[in-house]
There are 2 protein chains.
Amino acid sequence: MNNKKVPEPVISRLFVYLRELIELTKMNIRTISSGELGVRTNLSDAQVRKDLGYFGQFGVSGSGYDTNELKVALEEILGKDKTWNVAVVGIGHLGGALLAYPGFKERGLNIVAAFDSSKRKIGKKIKGIIIQSIDEMPKTVTNKKISIGIISVPAKVAQEVADKLISSRVKHILNFAPIALNVPEKIKLKNVDLSRELETLSYFLANKK
Amino acid sequence: MNNKKVPEPVISRLFVYLRELIELTKMNIRTISSGELGVRTNLSDAQVRKDLGYFGQFGVSGSGYDTNELKVALEEILGKDKTWNVAVVGIGHLGGALLAYPGFKERGLNIVAAFDSSKRKIGKKIKGIIIQSIDEMPKTVTNKKISIGIISVPAKVAQEVADKLISSRVKHILNFAPIALNVPEKIKLKNVDLSRELETLSYFLANKK
DNA sequence: CAGAGTTTGTGCTATTTTTCACAAAGTATA
DNA sequence: TATACTTTGTGAAAAATAGCACAAACTCTG
């Protein structure tokens with residue numbers, strides 16, 4: 001095991017390996033080589049080995065990795081034995097889709113609260129969750145032990161919402177608003193910018209050789 | 001102007017600069033320095049200058065960039081003068097949210113078709129778009145000149161849908177399914193993996209110092 | 001118009017991330 | 001058990017990306 005800090009892309013790929021390992025164990029495949037795992041995840045064999053190398057030695061020369069053993073090890077490393085409570089702020093089309101997305105719960109991420117500023121929406125129930133006023137955020141975050149906030153509001157109010165989440169003591173933020181948010185160092189911020197991804201594709205269309 | 005190939009992260013940031021410039025011109029701010037643009041986009045001044053440097057010299061020493069001029073230049077570079085037709089495959093909660101998202105049209109990305117395999121959904125109309133059977137994809141892609149396909153179906157069928165999109169002659173793909181897709185070299189593939197982003201945050205919760 | 005202050009553009013350097021490549025350690029076969 | 005494979009783990013090399021730092025170009029002020 002190596003003591004250097006682990007690059008974030010490595011963490012991200014570990015989840016990809018884990019997903020594949022879950023499939024493999026379901027299919028009763030007992031061992032897999034870095035090469036084969038690489039093919040299945042569109043990554044190189046060297047990358048697979050290097051990534052795992054940050055956390056220890058899991059493989060056996062000549063035969064590869066025990067799928068179940070590696071799966072358990074990754075679950076441990078990635079904290080999949082734990083669950084986390086999540087709040088969604090902004091229940092428009094996207095926020096509503098996030099509330100309904102089953103993939104989160106399967107992965108130990110429980111959406112336990114929803115906030116919106118629209119009087120029309122407050123009090124309504126979606127997927128078993130009552131939409132609350134943003135004013136109730138500090139209380140709810142504490143009571144429901146919410147550690148991650150998802151921002152799916154328009155760009156104009158995203159910073160304001162981020163500030164409110166942070167002062168309510170949320171630990172990390174996933175931001176869907178297409179704007180650069182300022183958050184304190186200790187808050188981990190991830191951005192998902194849907195239209196930017198699409199726009200990037202359009203650049204390649206416009207500039208193809 | 002520099003002839004080296006432009007890194008993809010640069011392209012992506014160019015859209016960020018452009019958004020900011022659009023705001024600035026709306027606010028009638030005529031010039032901006034790389035430093036100030038950096039503050040507004042959470043990037044360094046050097047990065048801003050370096051990124052723009054891939055495409056030419058837009059600034060004026062001592063005063064900075066003319067906001068409108070730079071905006072127009074970036075729109076040109078990024079192909080924002082053009083529009084592109086887009087199809088969404090998989091009209092679940094996420095697909096529905098994408099159909100309803102106004103940000104795409106504003107940016108020249110017109111969703112002109114929607115596909116689903118569910119008999120229950122085919123024929124229904126969402127946001128003015130009739131959901132079609134996946135079998136109609138080749139014909140519709142041709143007729144409606146669709147160049148980008150968005151995949152928002154479950155992981156299990158995502159590869160199959162990708163193959164169908166490609167054989168229907170879609171040029172690029174935006175994939176929301178949490179799985180590694182195999183596509184030919186010439187097809188540009190972008191992945192947005194919602195639960196992976198959230199999971200990455202949960203890793204930092206589980207492993208915080 | 002001279003001197004002080006800004007800000008760009010960019011060669012160079014640093015850092016981060018990926019890939020290479022191979023000794024060492026295992027497996028399989030006969 | 002010996003020989004031929006296979007595959008790992010990991011230093012070292014390469015590639016990609018970001019940041020530094022400064023001359024040159026321009027603005028501003030009195």
Side-chain angles (χ1 to χ4, degrees), chain A residues 1-17 20-21 24 29-71 73-74 77 180 191 200, chain B residues 1-17 20-21 24 29-71 73-74 77 180 191 196 200 203:
Chain A
M1 167 112 75
N2 176 328
N3 279 331
K4 280 178 56 187
K5 91 173 234 304
V6 182
E8 207 167 306
V10 173
I11 307 296
S12 184
R13 283 192 298 267
L14 251 37
F15 285 102
V16 177
Y17 304 144
E20 196 58 40
L21 289 164
L24 289 166
I29 292 168
R30 301 300 172 82
T31 65
I32 191 163
S33 69
S34 58
E36 178 60 16
L37 190 51
V39 167
R40 287 170 176 270
T41 53
N42 277 356
L43 296 163
S44 73
D45 59 331
Q47 178 116 72
V48 171
R49 294 198 300 278
K50 193 113 234 201
D51 287 349
L52 296 176
Y54 281 98
F55 297 93
Q57 305 185 175
F58 305 100
V60 177
S61 299
S63 75
Y65 302 88
D66 179 297
T67 50
N68 192 61
E69 208 174 276
L70 185 55
K71 168 174 154 274
L74 289 183
I77 291 164
N191 294 293
T200 304
Chain B
M1 164 114 73
N2 175 330
N3 278 331
K4 281 178 56 186
K5 93 172 231 308
V6 182
E8 207 167 307
V10 173
I11 307 297
S12 185
R13 284 192 297 269
L14 250 36
F15 286 102
V16 177
Y17 304 144
E20 197 57 42
L21 288 164
L24 290 166
I29 293 169
R30 302 299 173 84
T31 66
I32 191 161
S33 68
S34 57
E36 178 60 19
L37 190 51
V39 167
R40 286 170 175 270
T41 53
N42 277 356
L43 296 163
S44 73
D45 59 331
Q47 179 115 71
V48 171
R49 293 198 301 279
K50 193 118 242 201
D51 288 348
L52 297 175
Y54 280 97
F55 298 92
Q57 303 185 175
F58 306 100
V60 177
S61 300
S63 75
Y65 302 89
D66 179 297
T67 49
N68 192 61
E69 207 173 279
L70 185 55
K71 168 173 156 277
L74 289 183
I77 291 165
N191 294 293
R196 192 154 118 214
T200 305
Y203 167 82

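Per chain, numbering begins at 1; letters A, B, ... match sequence-line order.
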Nearest whole angstrom, please: distance from the [atom2] of [N] to the [atom1] of [X].
| X | N | atom1 | atom2 | answer |
| --- | --- | --- | --- | --- |
| B:Phe58 | D:dC26 | CZ | P | 17 Å |
| B:Leu52 | D:dA18 | CG | P | 14 Å |
| B:Glu8 | D:dA18 | CD | C1' | 17 Å |
| A:Leu37 | D:dT7 | CG | P | 13 Å |
| A:Ile11 | C:dT16 | CD1 | P | 15 Å |
| B:Asp45 | D:dG19 | CG | P | 10 Å |

A:Ile32: which of A:Thr67, A:Leu70, A:Asp66 passes side chain to side chain contact (heavy atoms under 4.5 Å, CB included)
A:Thr67
I want to check something: taking the side chain as every heavy atom from C-beta on, are [X] and [Y] in contact at a cut-off of under 4.5 Å?
| X | Y | answer |
| --- | --- | --- |
| A:Leu24 | A:Glu20 | yes |
| A:Val48 | A:Arg13 | no |
| A:Tyr65 | A:Leu52 | yes |
| B:Arg30 | B:Asn68 | no |

Can you see if the side chain of B:Ser34 gets near the phosphate of C:dT8 - specifically, an N or O under 4.0 Å from OP1 or OP2?
yes
Distance test, side-chain N/O of A:Tyr65 to OP1/OP2 of D:dG9, below 4.0 Å
yes
With nearest nucleotide decided by heavy atoms, which residue, A:Asp51 or A:Ser63, maps closer to the 5′ end of DNA chain C?
A:Asp51
Let me spell it out: for each of A:Gly62 and B:Ile32, pick the nucleotide of DNA chain C with the closest heavy atom. Which residue's pick is nearer the 5' end?
B:Ile32
Does any N or O donor sit under 3.5 Å from an N or O acceptor when you compare the side chain of B:Lys50 with the base of C:dG9?
no
Given [options], identify the nucleotide with an atom nearest to the side chain of [X].
| X | options | answer |
| --- | --- | --- |
| A:Gln47 | C:dT18, D:dT27, D:dG9 | C:dT18 |
| A:Arg49 | C:dC20, D:dG9, C:dT8 | D:dG9 |
| A:Ser33 | D:dT8, C:dG9, C:dT27 | D:dT8 |
| A:Ser61 | C:dA24, D:dG19, D:dG9 | C:dA24 |
| A:Gln57 | D:dG9, C:dT18, C:dT8 | D:dG9 |

